[in-house]
K.L.:
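Got a structure for you, questions after.
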Amino acid sequence: MAFFNRIFGSKTASSDKNSQITHSDNPKVKEILQLQSIIDSLLSKNSYIAKSEYLKKIDEKKGVISYFQQLKTDDLLSDFCKKNSILEKSVVSVIQNCSDIKKLVAEHNEKFIINNLESEKEYLDTILSEVDPNIMLDDDQRRVILTDEDYCLVIAGAGAGKTTTVAAKVKYLVEKKNINPKEILVVSFTNKAVGELKEKINQQLKIDCPITTFHSTGNAILHKENDEKLNIVQNEKLYFVLEDYFRDTVLQNQKLVDDLIKFFATYFDAPIEVKDKNQFFNNLSNSNLSTMKSELGEVDYQVEIKNSRIKKYETIQNEILRSQEEVQIANFLYLNNIDYEYEPCYKYNIEGAKKPYTPDFKITQNGNEAYIEHFGVTEDGYSNRYSAEELKKYNKAMRDKVAIHRKHGTNLICTCSQYNDGRELLEHLREKLESFGFVLNPRDNKEVMQKISNQDSSRYIRKLINLVDRFISNFKTNGYSVEKFDEWGTQTKNVRTKLFLGICKECYLEYERYLHKNNAIDFSDMINKSARLLKESKTVSDQIDFKYIIVDEYQDISRQRFDLVGALHDVTNAKIIAVGDDWQSIYAFSGSDITLFTKFSEIMGYAELLKITKTYRNSQEVIDIAGNFIQKNTEQIRKTLKSPKTINDPVIIYTYDSKQKRFGGNSNYNLAKSVETAIEQIIEFNKVEGKDSKKQEILLLGRFGFDGKNLERSSLFEYKDYGNKIKCLKHPELKITFMTAHASKGLGYDNVIVINGKNETYGFPSKIENDPVLNYVVKRDDSIEAAEERRLFYVAMTRTKNRVYFIAPEENPSEFLLEIKHDYKNVVLKGEWSEEVKNGSAFKKSCPICGYPLQHKVKTAYGLNLWICMNDPEICDFMTNKIEAGKLSIQKCDKCDGYLIARQQKDGRYFLGCTNYNANGKGCSNIIWNEDYYRMNNLTPEPAAKIDIPKGYKKEKA
């Protein structure tokens with residue numbers, strides 16, 4: 001009657017016969033009555049209202065809502081209401097309430113939570129007393145417990161009590177909402193996380209709800225269809241299947257063999273792209289530029305050099321080139337049976353030249369002879385690596401080389417990096433070789449592949465298997481089917497990518513054949529097949545009944561796991577509660593997709609976002625630094641963490657001299673000594689604060705596992721029992737653990753020392769670049785430079801309950817450390833460092849002339865072990881036998897047929913001295929002093945006073 005009166009006022013239906021007929025016959029009047037009834041019923045509930053409770057009902061009435069909205073717009077509503085004896089203001093109110101329904105429900109829910117925070121206070125105060133009587137949930141955690149939306153994303157900071165919140169939520173659902181424990185599924189990613197949840201919920205709270213990993217969830221679903229025990233293979237099996245495939249079976253597939261040889265010879269390494277110059281140098285310095293002939297042990301020349309360290313002669317038989325394109329040329333010549341020599345001395349003397357002319361290749365075949373010069377520019381003489389002035393120099397050098405061959409009548413084949421017709425380098429090389437009379441006589445690819453396969457630990461096979469293994473693992477983690485290879489292959493125009501996808505597809509099919517033959521599944525299959533089974537089998541889906549699905553550590557979710565949760569939701573209509581921290585999403589390399597977290601509401605259609613902002617592990621000072629650091633990435637979800645703890649000097653950085661080697665040559669000693677110093681600082685703080693250092697735990701964090709091994713090699717630390725326990729020999733009584741930053745997620749220690757604060761390839765942040773083909777299966781986060789490394793750094797910083805210490809080299813500290821030191825006054829620097837992020841930071845040695853990486857190899861023409869600039873020689877041809885000699889570059893001796901190489905005077909000064917000089921004073925005594933060399937080449941001299949000669953350094957006689 002209340003609904004009737006609200007629409008029709010106090011007038012009864014019997015007062016007007018015509019009115020009664022209209023009321024009963026007009027469907028719009030009935031619908032507006034029903035709509036008002038829905039809203040009144042909804043808002044009168046004494047419970048949290050989820051959107052599923054009203055969205056569909058309101059949506060079903062959108063026709064009548066639109067009808068009355070249009071009447072109002074057309075000024076016809078008043079006439080309609082009079083004709084049907086309806087109160088106009090009531091109709092307007094109903095329509096307005098429909099428009100404001102989300103706001104009205106939000107207000108209702110907020111009122112419900114506030115009321116229940118008070119009415120359920122005593123219950124919530126003691127909800128986890130069985131776990132720990134001292135646990136007191138904060139308001140953020142209580143709101144999570146009381147909120148009952150269809151989709152909830154709980155965003156919790158590091159150390160904010162995620163596991164505690166989940167346990168309390170489960171207990172509330174069982175005790176207050178009368179949910180059967182069997183209808184609550186709690187799923188997490190690791191056995192360790194599941195174990196912690198089981199301890200709290202199953203054992204301490206005695207609530208028997210299923211708590212499991214994603215893989216176990218998938219396994220259980222598959223058993224609903226088949227009770228037979230599954231033959232589950234471990235993740236490592238894929239690698240071994242691929243090994244067997246390349247060793248035993250691959251030769252039976254001629255097309256695959258041809259593709260493999262083409263891939264190894266031409267596309268083995270991803271092309272080095274010019275983005276950031278530092279990154280380009282980093283990639284260049286880490287490229288393996290050995291040829292196929294060298295890899296197969298078929299280099300037919302040897303060079304004997306004197307090893308200065310052991311004072312003995314060594315035979316060098318390898319072929320390391322200067323660029324990937326040169327490697328492609330060398331491999332093409334080898335595979336087509338054309339003899340070549342790399343960088344031989346030109347057979348004619350170039351008058352006035354300071355160095356011997358060494359063309360890139362000399363090729364011979366049945367008396368036919370030619371030279372090949374490869375230029376790292378386009379056919380028009382352009383490269384974005386160089387400035388206009390450098391390109392002018394480059395083009396002049398090209399013309400000069402052509403003129404030399406023209407003058408002496410020698411055949412010269414020129415190639416370049418990119419041609420105007422769009423065809424590849426090797427197509428042009430093939431045509432030019434044939435035009436010069438060379439016959440291409442291709443080797444049998446099966447024979448070449450046999451040689452590669454027969455090699456123990458072949459670089460080609462090992463690296464390809466690692467890449468394919470990672471690709472297929474992530475391919476399956478994304479839940480892709482085999483058709484995806486062909487789809488990608490048709491979409492790309494990149495020859496290397498197309499070739500790899502074809503090879504990888506064959507490897508994937510071989511692995512699937514193995515699983516089928518052995519009636520086995522892997523961990524990815526458990527999830528993929530179970531999700532598919534839920535969608536396709538009503539028999540299976542009818543056996544599953546959940547009302548709540550709680551996903552712990554949701555920031556690590558992959559598309560595959562997300563699909564399984566979605567399939568479970570579709571068949572059960574369960575509510576989903578995702579708990580995690582996007583600031584700690586650090587597993588993209590194994591398939592996690594951070595956008596499934598940061599775009600949760602968009603993906604689900606709607607969701608309630610809740611934040612737990614109080615942390616009980618870190619001090620306020622640590623989380624202020626770490627939190628602001630991570631939020632430089634504007635794509636990360638914003639939150640401000642609060643802690644009841646405060647501390648002085650929250651972050652302390654110790655620096656060490658990474659260049660000076662301790663007596664005996666142990667380069668890890670200075671780093672380890674700084675770690676030891678940090679440990680002693682912790683002991684000192686503990687004394688002042690009245691803490692027992694023996695009872696506290698110190699965590700040593702590395703970016704990589706070998707960081708701990710490097711520490712052990714210092715002679716100041718050693719591993720205990722081959723585990724992750726490490727002993728400081730000076731303080732053996734302390735509890736010290738080493739692990740990687742990845743392994744430390746979720747853990748807390750009294751103090752943390754991050755021992756890798758370097759700015760280099762294997763530093764922190766790591767500068768290791770993924771092969772571009774992995775972009776198909778690994779979700780890249782380009783929201784900010786080094787986005788995932790930034791999150792990993794945040795994880796490392798927030799493991800500590802007290803202070804976090806960093807160990808960094810003076811010369812090249814991590815840019816992350818430079819950033820926090822610049823931004824925060826309470827970051828303490830103990831020592832000195834260079835604040836310049838250098839172009840040469842990512843690799844060991846850089847050219848003192850142009851800044852490019854230096855390559856350490858034997859140059860056949862000189863018979864010397866040298867450091868050679870990796871820049872194109874047309875721009876910079878620097879090379880030296882002593883890096884310490886600065887800009888002194890080897891050159892021809894103008895007095896004899898020797899070379900002027902770097903030597904050191906007793907007073908520490910360097911000079912160039914002839915290789916034909918003998919210790920007995922005989923031979924060529926031609927020299928160029930450092931100062932003279934610099935003046936002759938218009939270089940800025942380096943004063944001798946700047947040279948620091950370590951004690952005991954044995955000076956080489958001039």
Side-chain angles (χ1 to χ4, degrees), residues 132 134 158-159 161 163 190-193 195-196 199 615-619 621-623 626 643 645 647-654 656 668-669 671-757 764 792-793 795-807 828 830:
D132 182 349
N134 295 317
T163 305
T190 64
N191 289 324
K192 177 179 173 295
E196 290 176 359
E199 171 71 22
T615 177
Y616 302 93
R617 178 192 302 149
N618 310 127
S619 68
E621 290 74 16
V622 167
I623 59 174
S643 170
K645 297 168 61 175
I647 199 168
N648 293 324
D649 301 337
V651 178
I652 302 176
I653 303 168
Y654 286 92
Y656 63 93
N668 297 302
Y669 179 82
L671 181 151
K673 190 66 180 173
S674 291
V675 176
E676 187 184 86
T677 303
I679 288 171
E680 289 172 345
Q681 178 69 79
I682 291 170
I683 295 171
E684 186 61 33
F685 274 129
N686 284 338
K687 284 180 183 177
V688 173
E689 295 164 5
K691 299 174 184 176
D692 186 351
S693 294
K694 293 179 183 179
K695 293 181 179 179
Q696 291 202 326
E697 290 185 297
I698 297 173
L699 176 63
L700 303 185
L701 278 183
R703 173 60 184 83
F704 301 94
F706 54 74
D707 286 330
K709 279 293 180 186
N710 288 342
L711 203 61
E712 187 186 30
R713 293 188 182 103
S714 68
S715 77
L716 299 179
F717 291 83
E718 65 180 34
Y719 275 109
K720 291 163 54 175
D721 304 323
Y722 301 100
N724 61 356
K725 296 297 179 184
I726 198 165
K727 181 167 72 174
C728 174
L729 298 182
K730 189 172 181 180
H731 301 283
E733 74 284 358
L734 299 180
K735 298 176 185 176
I736 305 177
T737 300
F738 170 81
M739 65 179 67
T740 64
H742 278 100
S744 73
K745 189 162 79 71
L747 303 177
Y749 284 77
D750 293 296
N751 286 282
V752 170
I753 304 173
V754 183
I755 65 177
N756 184 339
F764 202 170
L792 185 62
F793 194 79
V795 168
M797 286 191 71
T798 53
R799 297 312 93 198
T800 185
K801 297 175 185 176
N802 291 292
R803 295 174 178 85
V804 57
Y805 300 80
F806 288 95
I807 311 301
V828 180
K830 300 275 190 176

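Residue indices begin at 1 and follow the sequence shown. All values below come from the heavy atoms of this structure, side chains included, with hydrogens, waters and symmetry mates left out.
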K.L.:
Search all heavy atoms of C728 against all heavy atoms of I736 and return the closest pair with its distance.
P.N.:
CB-CD1, 3.8 Å
K.L.:
Say you draw a straight line from OG1 of T798 to CZ of F793; how long is it, rounded to the nearest 0.5 Å?
P.N.:
11.0 Å
K.L.:
Could you walk me through whether L747 and K192 satisfy the side-chain contact (heavy atoms from CB on, under 4.5 Å) test, starting with their C-alpha distance in whole Å, then the side-chain angles of each, then the deciding distance to 0.1 Å, before giving a yes or no?
P.N.:
CA-CA 11 Å; L747 303 177; K192 177 179 173 295; 3.3 Å; yes
K.L.:
Quick check: closest heavy atoms across A796 and V754, and the distance to 0.1 Å?
P.N.:
CB-CG2, 4.3 Å
K.L.:
Any chance you could measure L711, atom CG, to I726, atom CD1, to the nearest 0.5 Å?
P.N.:
4.5 Å
K.L.:
Report the distance from atom CG of L729 to atom OG of S715, rounding to the nearest 0.5 Å.
P.N.:
7.5 Å
K.L.:
Considering only heavy atoms from C-beta outward, does the side chain of K735 approach that of I698 to under 4.5 Å?
P.N.:
no
K.L.:
Using modelled atom types and a 3.5 Å cut-off, is there a donor and acceptor pairing between side-chain atoms of T615 and backbone atoms of A158?
P.N.:
yes
K.L.:
Considering residues, nucleotides and ligands other than K694, do more than 12 of their heavy atoms fall under 6.0 Å from its NZ?
P.N.:
no
K.L.:
Determine the minimum heavy-atom distance between K645 and K801, stating which atoms define it.
P.N.:
NZ-O, 2.6 Å
K.L.:
Between N802 and D750 (side chain of the first, backbone of the second, donor and acceptor by atom type, cut-off under 3.5 Å), is there such a pair?
P.N.:
yes
K.L.:
Judged by atom type as modelled, is there a donor-acceptor pair below 3.5 Å linking the side chain of N618 to the main-chain atoms of I623?
P.N.:
no
K.L.:
In terms of relative ring orientation, are Y654 and Y805 parallel, tilted or perpendicular, with 30° and 60° separating the classes?
P.N.:
parallel
K.L.:
Say you draw a straight line from OG of S744 to CG of L792; how long is it, rounded to the nearest 0.5 Å?
P.N.:
7.5 Å
K.L.:
How far apart are the closest heavy atoms of G748 and R617, and which atoms are they?
P.N.:
CA-NE, 3.9 Å
K.L.:
Looking at every heavy atom in both F764 and N756, which two are closest together, and how far apart are they?
P.N.:
CB-O, 3.3 Å
K.L.:
Distance from I753 atom CD1 to I682 atom CD1, nearest 0.5 Å?
P.N.:
4.0 Å
K.L.:
Without swapping roles, check the side chain of T740 against the backbone of A743 for a donor-acceptor pair under 3.5 Å.
P.N.:
yes
K.L.:
Are any of the side-chain heavy atoms of I679 and F717 separated by less than 4.5 Å?
P.N.:
yes
K.L.:
Give the C-alpha distance, both sets of side-chain angles, the deciding distance and a yes or no for side-chain contact (heavy atoms from CB on, under 4.5 Å) between F685 and N751.
P.N.:
CA-CA 11 Å; F685 274 129; N751 286 282; over 6 Å; no
K.L.:
Identify whether the distance between the nearest side-chain nitrogen and carboxylate oxygen of E718 and K727 falls below 4.0 Å.
P.N.:
yes
K.L.:
Using a 6.0 Å cut-off, check whether atom NZ of K830 has over 12 heavy atoms from anything other than its own residue.
P.N.:
no
K.L.:
Taking C-beta and beyond as the side chain, do F738 and K709 meet within less than 4.5 Å on heavy atoms?
P.N.:
no
K.L.:
Show, in sequence, the C-alpha distance, side-chain angles and deciding distance for K730 and E680, and conclude whether the side-chain contact (heavy atoms from CB on, under 4.5 Å) test is met.
P.N.:
CA-CA 10 Å; K730 189 172 181 180; E680 289 172 345; 2.7 Å; yes
K.L.:
Is it the case that the side chain of R703 and the backbone of G757 share a donor-acceptor pair, with hydrogens and angles ignored and the cut-off at 3.5 Å?
P.N.:
no
K.L.:
Please find the pair of heavy atoms, one from L734 and one from S693, that lie closest to each other, and give the distance.
P.N.:
CD2-O, 3.7 Å
K.L.:
So, taking the atom named CG in L699 and the one named CZ in R799, what distance separates them when rounded to the nearest 0.5 Å?
P.N.:
9.0 Å
